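In what follows, a single structure is set out as structure tokens and then discussed.
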Amino acid sequence: METLAENRAFGGVQGVYRHHARSTSCDMTFGLFLPPQAARGPVPLLWFLSGLTCTHENAMTKAGAQAHAARHGLAVVFPDTSPRGEGVADDDAFDLGQGAGFYVNATQAPWDAHFRMWDYIADELPRVLFNNFALDEGAQAITGHSMGGHGALTLAMGLPGRFASVSAFAPITNPTASDWGRKQFAAYLGGDESAWTGHDATHLMRESGFDGEVLVDQGADDQFLNLLMPESLAQAMAARRQPGTFRMQAGYDHSYFFVSSFMGSHVRFHARALRA
């Protein structure tokens, strides 16, 4: 693992690191904020999964998570959203290929050679983190924005017992019914739609739900509401009587101004769950 940068922040350290990933067959970069409490021993870990077009850097520099995480003694990891580099498949569209991994394991050429983001987030990056940093493997929570909100919800429900809590900012909630999902799933997973439902938060909520508490914030003025389909997940949560909160925030759009406005609330939510 290579250290690209380490900067003092809120009494802790904001680092950026690079390593070769077997799951994606390329070098991957991630950001990790360690709060000051990590100097005394392992701390809980909050995952932040980013959205379309993002790298590890967008949320790390724009979401405002570090000050809140330092206050509550949480580490925050900011993974990249896809494999990258020479020889990695890509597409001219912003919502397919590099920057648009959708947190799935691709089974279709040319994507299957590198686009195994589920395995990277679920298995390989955790091993790198817990083997190299002062982190408590038994105390994890997850959140994300847009495509990353989709990833956070599907990973939380797809890996029962892994995460104490899950939250999302403007998640893609029903990708099997949205152009932000159907296009990508067809490319990455093929035409058999039965292979898609395990990566659809609305379907997973209907089938199994989450074994903890859920928090979702959605901007009511989000320019992508018709693609995100928040009503689908809200209805599934209500039908299942899932413990949690779904909030429509008046006047907010899809940007990191929205994310940073409610980041403190999400970090507090996860800190409470991780202390339970």
Side-chain angles (χ1 to χ4, degrees), residues 20-30 47-56 58-59 78-125 142 144-159 168-207 222-230 232-233 254:
H20 185 77
R22 292 183 179 180
S23 53
T24 60
S25 300
C26 67
D27 287 347
M28 298 292 292
T29 301
F30 64 91
W47 293 76
F48 188 103
L49 305 186
S50 292
L52 287 167
T53 76
C54 290
T55 69
H56 71 280
N58 296 75
F78 305 94
D80 203 347
T81 56
S82 77
R84 299 179 192 272
E86 186 176 352
V88 176
D90 202 6
D91 191 272
D92 290 338
F94 77 95
D95 58 355
L96 187 68
Q98 295 186 36
F102 264 77
Y103 304 100
V104 302
N105 286 340
T107 59
Q108 307 298 304
W111 312 105
D112 55 340
H114 298 280
F115 281 71
R116 301 189 63 81
M117 288 301 294
W118 179 280
D119 283 353
Y120 178 68
I121 298 296
D123 297 319
E124 187 164 6
L125 184 54
I142 191 166
H145 173 225
S146 192
M147 179 185 73
H150 140 77
L153 290 164
T154 57
L155 280 153
M157 287 186 276
L159 299 170
F169 301 86
I172 301 171
T173 69
N174 196 186
T176 61
S178 168
D179 287 343
W180 272 0
R182 293 191 61 82
K183 170 186 175 179
Q184 294 81 4
F185 288 178
Y188 296 147
L189 303 176
D192 180 2
E193 296 189 17
S194 66
W196 302 1
T197 56
H199 296 285
D200 186 303
T202 295
H203 282 269
L204 291 170
M205 182 60 67
R206 290 171 181 159
E207 291 176 4
D222 193 313
Q223 59 270 46
F224 302 114
L225 276 176
N226 289 338
L227 293 165
L228 302 171
M229 302 178 66
S232 296
L233 181 62
H254 198 70

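Because only heavy atoms are used, hydrogens play no part in the values below, and waters and symmetry mates are left out as well, while side chains stay in. None of these values were measured; they are calculated from a predicted model.
- The closest side-chain heavy-atom distance from Thr55 to Thr29 is not below 4.5 Å.
- The heavy-atom pair separating Met205 from Leu233 by the smallest distance is CB-CD1, 4.1 Å.
- How far CG of Leu228 is from CD of Gln223: 9.0 Å, rounded to the nearest 0.5 Å.
- Applying the side chain to side chain donor-acceptor pair (under 3.5 Å) test to Ser232 and every residue at least two apart in sequence or in another chain returns Asn174.
- Among residues two or more places apart in sequence or in another chain, the ring-ring contact (aromatic ring centres under 6.0 Å, His included) test is passed with His199 by Trp118.
- Of all heavy-atom pairs spanning Pro83 and Thr24, the tightest one is CB-CB, 4.0 Å.
- Counting only residues at least two apart or in different chains, side-chain hydrogen bond (donor to acceptor under 3.5 Å, both in side chains) contacts with residues 187-196 comprise Arg182-Glu193, Asp192-Ser194.
- For Arg206, there are no salt bridge (Lys or Arg N to Asp or Glu O under 4.0 Å) partners two or more places apart in sequence or in a different chain.
- Nearest heavy atom pair, residue Ser50 against residue Thr81, reads O-CG2, 3.5 Å.
- Taking SG of Cys54 as the start and CE of Met147 as the end, the distance is 7.5 Å to the nearest 0.5 Å.
- Listed by chain and residue number, Ser146, Asp222 satisfy the side chain to side chain donor-acceptor pair (under 3.5 Å) test with His254 (two or more places apart in sequence, or in another chain).
- If you take NE2 on His20 and CZ on Arg22, they are separated by 8.5 Å, rounding to the nearest 0.5 Å.
- Applying the salt bridge (Lys or Arg N to Asp or Glu O under 4.0 Å) criterion to Asp80, with sequence neighbours excluded, gives Arg84.
- The distance from the OG1 atom of Thr202 to the CD atom of Glu207 is 11.0 Å, given to the nearest 0.5 Å.
- Among all heavy-atom pairs drawn from His150 and Pro175, the shortest one is ND1-CG, 4.1 Å.
- With contacts defined as side-chain heavy-atom distances shorter than 4.5 Å, the pair Trp180/Met229 does not qualify.
- Residue pairs meeting the side-chain hydrogen bond (donor to acceptor under 3.5 Å, both in side chains) criterion with at least one member in residues 86-105, sequence neighbours excluded: Asp95-Lys183, Asn105-Asp119.
- The shortest non-hydrogen separation linking His145 to Ala170 is CD2-CB, 4.3 Å.
- Looking at heavy atoms from C-beta onward, Leu153 lies out of side-chain contact with Leu204 at the 4.5 angstrom threshold.
- Within a 6.0 Å radius of CG in Asp179, other residues, nucleotides and ligands contribute 12 heavy atoms or fewer.
- Considering CE of Met117 and CG of Leu125, their distance stands at 8.5 Å, rounded to 0.5 Å.
- With sequence neighbours excluded, the residues satisfying side chain to side chain donor-acceptor pair (under 3.5 Å) with Ser23 are Glu124.
- Within the 4.5 Å cutoff, side-chain heavy atoms of Phe102 are placed close to those of Ile172.
- For Trp47, the side chain to side chain donor-acceptor pair (under 3.5 Å) partners at least two apart in sequence or on another chain are Gln140.
- Contact detail for Val88 and Cys26: the closest heavy-atom pair is CG2-CB, 4.4 Å.
- The closest side-chain heavy-atom distance from Phe78 to Asn58 is not below 4.5 Å.
- Taken from OG1 in Thr176 to CG in Leu189, the straight-line distance is 11.5 Å, to the nearest 0.5 Å.
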